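Given the structure is predicted, the values throughout are model-derived calculations rather than measurements. Indexing begins at 1, ligand by ligand and atom by atom, following the structure's order.
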Amino acid sequence: MSKFSFELAATDGKARTGLISTPRGDIRTPAFMPVGTAATVKAMLPESVAATGADILLGNTYHLMLRPTAERIDRLGGLHKFMNWQKPILTDSGGFQVMSLAGLRKMSEEGVKFSSHIDGSKHMLTPERSMEIQKLLGSDIVMCFDECPALPASEEEVAASMRMSMRWAQRSRDAFGDRPGHALFGIQQGGVTQELRAESAEKLREIGFEGYAVGGLAVGEGQEAMFGVLDYAPDMLPEDKPRYLMGVGKPDDIVGAVARGIDMMDCVLPSRSGRTGQLFTRKGVVNIKNARHADDPRPLDEACSCPACRNYSRAYLHHVFRAQEMISGMLLTWHNLQYYQDLMQGMRDAIAAGTFAEFQKTFHEERANGDI
Ligand SMILES: CNc1nc2c(CCNCC3CCCC3)c3nc(N)[nH]c(=O)c3cc2[nH]1
Ligand SMILES: [Zn+2]
């Protein structure tokens, strides 16, 4: 099928499970999307990422426009061919990364002028340029160019920023053009103010998108404030389209977001924390650097099917982490990505079976406090 479409299969309370169909493959929702910032999920081969169960991964406009440039990736056949990932790719629009990474930034209605954090070269990102870059990359799901206001911000600043992002959403839609089989997602802003979130959702509905993201969260507001927004914001978005919560999160953030109607999420946490020895398990977080693992012959998580848990002891994982061996990042990243995909599969099954409440209960009971 050369179309982009979304089918809801079942709901349980506000939790939903379904399927996004794209020409490059289907995406089971709720979905967790590993982050492949610079055309690689760090320390993972693409076939290993696929083996964890990921149906889609993230690329990044900001990083790839700087190095190796979108034009070069286009000349080489596009991002899928370049990084040997033939399943769907979602690319973020770059605005968020400019604000968190680039130096010397100048904001205007036109867009953002900035200097590269790599070599100091001058660049400009606008809605039109962001659409052009994401098209050159060949990404299947394109994100509108938006601004995610940094906290702390007054309600007036959040309102002004959201309204500019909505003008940029219209420009993104106009520049995206007609690309069958590809999707453009709008991004809701409005901070933690319900009226602003409603105004943003209304504007996005008017413009019309193939999917809708909840932006402006996971920027330090804390889980309680984030869940407070998620108690109403997803419902403001069209219920027959995918809802994507950007930049989230820890396992309990993810379960809470799915319970509030979110279908897609992305986060660097599983891969980044894998490299720092923070391992997610059903019983909580294991810090493999801790000396108490040095003689432990047990697997990290006997219920996990990943290579680290199937073929190695905690003692080995502790050793290669301490020695900073390359295999450490590979095994620990694979485990964390596998844990996240198994968590998503567990939720998809529970929602389909109407047992999501029990899933949530078991999830929280199993997680002991601190290291285990
Ligand atoms: C971590 N918290 C957080 N991330 C946000 C992100 C980035 C999501 N992750 C992108 C990948 C990470 C590197 C390559 C792509 C956000 N992005 C946009 N466009 N708008 C947000 O409001 C927005 C809000 C976000 N909050
Ligand atoms: Zn494992």
Geometric N/O contact [X] with ligand 1, under 3.5 angstrom:
X      : answer
Leu58  : no
Gly215 : no
Asn60  : no
Phe96  : no
Asp266 : yes
Tyr244 : no

Exercise. Is NZ or CZ of Arg197 both nearer than 6.0 Å to the six-membered ring centre of Tyr232 and within 45° of the ring axis?
Worked result: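 Verdict for Tyr232: no cation-pi partner in Arg197.
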Exercise. Below 4.5 Å, heavy atoms only, C-beta onward: do Asp240 and Leu8 meet side chain to side chain?
Worked result: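 Answer no - side chains too far apart.
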Using a 4.0 Å cut-off to any heavy atom of [X], which atoms of ligand 1 qualify?
X      : value
Leu217 : 3 (C), 24 (C), 25 (C), 26 (N)
Ile187 : 19 (N)
Gly216 : 21 (C), 22 (O), 24 (C)
Asp146 : 18 (C), 19 (N), 20 (N), 21 (C), 22 (O)
Thr37  : 13 (C), 14 (C)
Ser93  : 19 (N)

Problem set entry | Interatomic distance, Cys306 atom SG to Tyr312 atom OH [nearest 0.5 angstrom] |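 Atom-to-atom, Cys306:SG and Tyr312:OH are 10.0 Å apart.
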Problem set entry | Lys/Arg-Asp/Glu bridge criterion (N-O < 4.0 Å) met for Arg173, Glu210 |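 Counted as a salt bridge, because a side-chain N and a carboxylate O are separated by less than 4.0 Å.
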For this session: Taking only Lys NZ, Arg NE, NH1 and NH2, and the carboxylate oxygens of Asp or Glu, determine whether Arg129 and Glu132 approach each other closer than 4.0 Å.
Result: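 A salt bridge is present here (some side-chain N lies under 4.0 Å from a carboxylate O).
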Problem set entry | Result of checking Arg243, Arg16, Arg28 against Asp263 for salt bridge (charged side-chain N to carboxylate O under 4.0 Å, His left out) |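 Output: one option passes, namely Arg16.
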Exercise. Per the salt bridge (charged side-chain N to carboxylate O under 4.0 Å, His left out) rule, which among Glu109, Glu202, Glu199, Glu157 passes with Arg163?
Worked result: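 Option passing the salt bridge (charged side-chain N to carboxylate O under 4.0 Å, His left out) with Arg163: Glu199.
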Please state which part of [X] comes within less than 4.0 Å of ligand 1, counting heavy atoms only: side chain, backbone, both or neither.
X      : answer
His63  : neither
Val248 : neither
Gln97  : side chain
Cys267 : neither

Exercise. Do the ring planes of Tyr212 and Phe209 sit parallel (below 30°), tilted (30 to 60°) or perpendicular (above 60°)?
Worked result: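 Taking Phe209 first and then Tyr212, their aromatic rings stand perpendicular (interplane angle over 60°).
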Problem set entry | Identity and separation of the nearest protein heavy atom to atom 19 (N) of ligand 1 |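 Among all protein heavy atoms, the one nearest atom 19 (N) of ligand 1 is Asp92 OD1, 2.8 Å.
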Exercise. What residue and heavy atom of the protein are closest to atom 1 (C) of ligand 1, and at what distance?
Worked result: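 Of every protein heavy atom, Gly247 O, 3.4 Å lies nearest to atom 1 (C) of ligand 1.
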For this session: Could you check Val98 against Arg105 for side chain to side chain contact (heavy atoms under 4.5 Å, CB included), going step by step and ending with a plain yes or no?
Result: CA-CA 8 Å; Val98 167; Arg105 301 177 300 262; 3.8 Å; yes
Exercise. Quick one: angle His335 ND1 - the Zn ion (ligand 2) - Cys304 SG, to the nearest 10°?
Worked result: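 Reported to 10°, the angle equals 110°.
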For this session: In sequence, state the C-alpha distance, the side-chain angles, and the governing distance for Phe114 and Tyr62, and then conclude on ring-ring contact (aromatic ring centres under 6.0 Å, His included).
Result: CA-CA 11 Å; Phe114 62 92; Tyr62 171 74; 5.5 Å; yes
Exercise. When clusters are formed by joining ILVMFWY residues with side-chain heavy atoms under 4.5 Å apart, either directly or through shared neighbours, do Ile89 and Leu136 land in the same one?
Worked result: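 They do not share one cluster, since no chain of ILVMFWY contacts under 4.5 Å joins Ile89 to Leu136.
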